[in-house]
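All values derive from a computational prediction rather than experimental measurement. For the numbers below, each heavy atom of this structure counts, side chains included, while hydrogens, waters and symmetry mates do not.
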Amino acid sequence: MHTDNPVVKDHIITLDRFPHLTEDQSLSDAVEVIKSYTDGSRELLRYREILILDAGNRLVGRVTMQDIILGIDPRFTGLAKVNKFEGQKPDATSLVILWEDSFFEECSKRRTKKIIDFMSPIKLTIRSSESLLKTLAIMLSVNETVLPVVDDSRVLGVIRMEEIFKAITSRCKL
């Protein structure tokens, strides 16, 4: 490997700049943390997921915005599972109309649920010394856009498709 090839450690978003919680924190904490990472005057959300750490700062999982929504109201989980009836395609989204009043009345009641109950396991991590191209190949092969960067069981941060895209396209001089 050539020493001038870009590596993950040069493009990482360090843990102190990426949303993370401990596994004992709540759904409400997750909402606040993800909303606290905004960008620009329109306050657009910068990240779509949160890393979850244990008490020893070891990586145990991740929570996406979708996981948070499903934590707020698990009825959304069933929308993808609505069966087709005699060749007709049911409009599962019309079911939501029936939930609207109860959703906003009930969602705050779930605020204290532990985030660990909604977290997904980490399928893959990457080392900071890996090349960006190898990391890109891994991301594409497993359909991930964010990979945690872990060296010697220590979470350093994440590498995202956005950082890899910027690095490789600037190097390609496109």
From [atom1] ([X]) to [atom2] ([Y]), nearest 0.5 Å:
X    : Y    : atom1 : atom2 : value
L51  : N57  : CG    : CG    : 11.5 Å
L132 : I126 : CG    : CD1   : 10.0 Å
I122 : E144 : CD1   : CD    : 8.0 Å
D73  : S102 : CG    : OG    : 6.5 Å
M161 : M139 : CE    : CE    : 5.5 Å
T14  : L156 : OG1   : CG    : 9.0 Å

Examine distances only and state if a side-chain atom of [X] and a backbone atom of [Y] form a donor-acceptor pair shorter than 3.5 Å.
X    : Y    : value
H20  : F18  : yes
D151 : S128 : yes
R62  : I50  : no
D152 : R154 : no

Does the side-chain contact (heavy atoms from CB on, under 4.5 Å) test come out yes or no for L59 and L53, once each step is laid out? CA-CA 5 Å; L59 188 61; L53 308 174; 4.0 Å; yes

Are side-chain heavy atoms of [X] and [Y] found at a separation under 4.5 Å?
X    : Y    : value
I69  : M65  : no
V63  : E49  : no
R110 : F118 : yes
P6   : H11  : yes
I13  : I159 : no

Please say yes or no: joined through hydrophobic side-chain contacts below 4.5 Å, possibly via intermediate residues, are [X] and [Y] part of one cluster?
X    : Y    : answer
L45  : L70  : yes
L147 : V155 : no
V150 : Y47  : yes
V149 : Y37  : no
V142 : V8   : yes

Stepwise side-chain contact (heavy atoms from CB on, under 4.5 Å) test for L136 and F165: CA-CA 9 Å; L136 174 62; F165 180 85; over 6 Å; no

Regarding E163 and R160, does a basic nitrogen lie under 4.0 Å from an acidic carboxylate oxygen? yes

Using a strict 4.0 Å threshold on nitrogen-to-oxygen distance, state whether K113 and D117 make a salt bridge. no

Please report the shortest heavy-atom distance between [X] and [Y], naming the atom on each side.
X    : Y    : result
S120 : D67  : OG-OD2, 3.5 Å
T135 : E130 : OG1-CB, 3.8 Å
V33  : S36  : O-OG, 2.7 Å
V7   : S129 : CG1-O, 3.7 Å
T22  : I115 : O-CG2, 3.9 Å
V60  : E23  : CG2-OE1, 3.8 Å

I need the single residue from I34, T38, D39 that forms a side-chain contact (heavy atoms from CB on, under 4.5 Å) with R46. Which is it?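 Passing option: D39.
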
Apply the test side-chain contact (heavy atoms from CB on, under 4.5 Å) to residues L27 and R111: give CA-CA distance (whole Å), side-chain angles for both, the deciding distance (0.1 Å), then the verdict. CA-CA 5 Å; L27 192 58; R111 65 181 286 114; 5.7 Å; no

Give the intermediate values and the outcome of side-chain contact (heavy atoms from CB on, under 4.5 Å) for residues L124 and I138. CA-CA 9 Å; L124 186 62; I138 291 168; 3.1 Å; yes

